[in-house]
Amino acid sequence: MTSPSDDPKQDGPKQDGPKDAASACGHEAQAMRLLQDLTRNVPGVIYQFRLRPDGRSRVPFASEGLLNLFGIPPEQVREDASPFFDCVHPDDAKRFRESVNASAASLQPWDLEFRVVVPARGLRWAHGRAQPERLADGSVIWHGFITDITQRKQDEAQTRRLAFFDALTGLPNRRLLTERIAQALASTRRHGDCGALLFVDLDNFKQLNDALGHSVGDRLLCEAAARLSRELREDDVVARLGGDEFVVLATPLGADLAAAARQAGALADKLRELLARPFEIGGIRYACAGSVGITVFPKGQETVEDLLREADIAMYRAKAAGRNRVAFFEAAMQSEVEERLALEQDLRRALASGGLEVHVQTQLDASGRELGGELLLRWLDPQRGPVSPARFIPVAEDSGLIIALGDLVLRRGCQALARLQRAGRSLQLSINVSPRQFRHEGFVARVRELLRETGVAAQGLVFEVTEGLLIDDWQATRARMQELVALGVRFSIDDFGTGYSSLAYLKKLPLYELKIDRSFVADVPDDPSDVAIVQAILSVARHLGLHVVGEGVETQAQADFLRAHGCHALQGYLFARPQPLFDWLDLRLGTQALAAD
Ligand code: C2E
Ligand code: MG
Ligand code: MG
């Protein structure tokens, strides 16, 4: 169908005489009216659309449906189609343009479902189809129709909701969950990631439901669903299997299965705590805790059903252990995670009650003159006895406690330096800064604040960081290091040689020092390969102008070897054991320290 004013076969100005022109105009107007009458009550829009070679487009004819469906009077697009394009949903605009261009290029029919936004009617779905034809001047002209398919789309969405979502809580149902677990299994196997499946069952729900009636039960389930959903990340899925059973799929949880188990354990504990809070329904409070069973994957060739079964078994184990508990499918994971959680709790308590003490181990230069010392945390737990930093620092790092812990050491370090500097002692203090602490958003500001508060010259501070920090996102690391270096702080790479040993970054970072890891120092001068490594480190450092400390020096032979090969500083039991910071300070300041405070 064509409009009388835009005949594709005879495009261009017509050559009629004045009289003929007048009659042609009358004829055209009549034909247009007829077309409008004929198409007025047709559902949807019948139209002719024209795209010129220069990219401009117009709609020479559109039935009145254009006003109903898109809120645009047909006259408004007769010379310029832009108002029509403007109402295509922004997320569909690109697809829309591409489909028109493709149809123009191939002269294949245009066929597209797209969304439109009509101010008076909100979001609608439309389905357009049209047949293209090329004109002599290179334009393309389409004839076709657009129908409103909003109702059909809503019905489809509703069907999908019914098929894949739980009608009561709106959460994904078993079918969708199964699909998601299958995807997660495939993706974790492909990317070397881990994930976890948590089976959550409300304790005592059945009794509550029977005693209080289903409407209270339903509201409780909805509230439980809302609490679970709030706690999860975007990639996680929480589904309702039916009754009072929920399943959480958490991915990705990193490459290490044991670390993934710890994260899943922490998440389960958080969910358990959320469900243990009373539910308030109609002004009455109900107690209804939850038991959580966990399984992690991938462990082997397990299927979706295997995982659901494992998490279910673990959940029954949690219930059997006394409800309101968390249990793992694998017993070894259970004890490891429980021990970590217990350690974390004890550490939190120690931090709050002053149970952590800062010690310091002296560092000497090659001539035996004292340079300063390294601050090391000590934790003497009333039940556990002394706990090694090698055990509690990773727990602090995982749980985020490292921020408070690191802050404690930094604060003590600055206070100690202030005393030393006031007494005219130019000793330096090295402080271990963990990756999470270094990356914490408030770290630089905190260092600045402490320097200001204590009036310390930052040149007395050396931050020890590990190689891992430099490898992950090293651009950001460098930027942050530069900020701190600008304040006067110096950087040292701790345990050097045990990390990735890419020497490329050494040149690019504002470093001051390398600390040769004590595992290499331990076997010099006897082990030829350790001798070679230590010599190589010293030679690289010499070329780059870096200061070098040998750590873990226990024997005179080690010390002699290091000194002979140009190592600038030494630290180890041969010279001094770590001792409480206050004792160490007192020895260096005598009564001055007490007087100054
Ligand atoms: P590190 O920074 O490499 O600290 C040196 C470790 O070597 C200390 O262990 C120290 O006690 C030990 N050491 C010193 N001299 C000798 C020696 O002659 N022989 C032997 N065998 N060992 C020696 P420590 O105190 O157990 O600390 C272990 C690790 O825990 C530290 O390694 C550090 O990475 C971390 N750490 C300790 N305190 C802190 C802290 O305040 N913050 C952070 N982020 N990490 C800390
Ligand atoms: Mg260190
Ligand atoms: Mg070290």
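Order of appearance sets the numbers: ligands from 1, and atoms from 1 within every ligand. Computed from a predicted model, the values in this text were never measured in an experiment.
Using a cutoff of 4.0 Å between basic side-chain nitrogens and carboxylate oxygens, K515 and E464 are scored as salt-bridged.
Of all the listed residues (D495, N432, V409), N432 holds the heavy atom that lies closest to atom 42 (N) of ligand 1. Selection from V521, V553, L376 by nearest heavy atom to atom 8 (C) of ligand 1 gives L376. In this structure, of Q571, Q558, R518, E551, the residue bringing a heavy atom nearest to atom 6 (C) of ligand 1 is R518. Considering E554, R391, R412, K515 only, the shortest heavy-atom separation from atom 21 (N) of ligand 1 involves E554. The heavy atom nearest to atom 36 (N) of ligand 1, out of those in L408, V465, I393, T555, is found in I393.
Counting protein heavy atoms only, atom 24 (P) of ligand 1 is closest to P389 CG, 3.8 Å. Regarding atom 1 (P) of ligand 1, its nearest protein heavy-atom neighbour is D494 OD2, 3.6 Å.
For atom 18 (O) of ligand 1, the nearest protein heavy atom lies closer than 4.0 Å. When distances from atom 3 (O) of ligand 1 to the protein are checked, a heavy atom turns up under 4.0 Å.
The aromatic rings of W379 and F392 lie perpendicular to each other, with more than 60° between the two planes, well past the 30° mark.
For the Mg ion (ligand 3), the nearest N, O or S atom contributed by D495 is named OD1. Checked against the Mg ion (ligand 3), the N, O or S atom of D494 at the shortest distance is OD1. As for E374, its N/O/S atom nearest the Mg ion (ligand 2) is the one called OE2.
Residue V433 places no N or O, backbone or side chain, under 3.5 Å from any N or O of ligand 1. Polar contact with ligand 1: absent for S388 (N/O pair, distance under 3.5 Å).
Residue R378 touches ligand 1 through its side chain alone, judged by heavy-atom distances below 4.0 Å.
A distance of 6.0 Å or more separates the ring centres of F297 and F329.
The Mg ion (ligand 3) has no N, O or S atom of E464 inside 2.8 Å of it.
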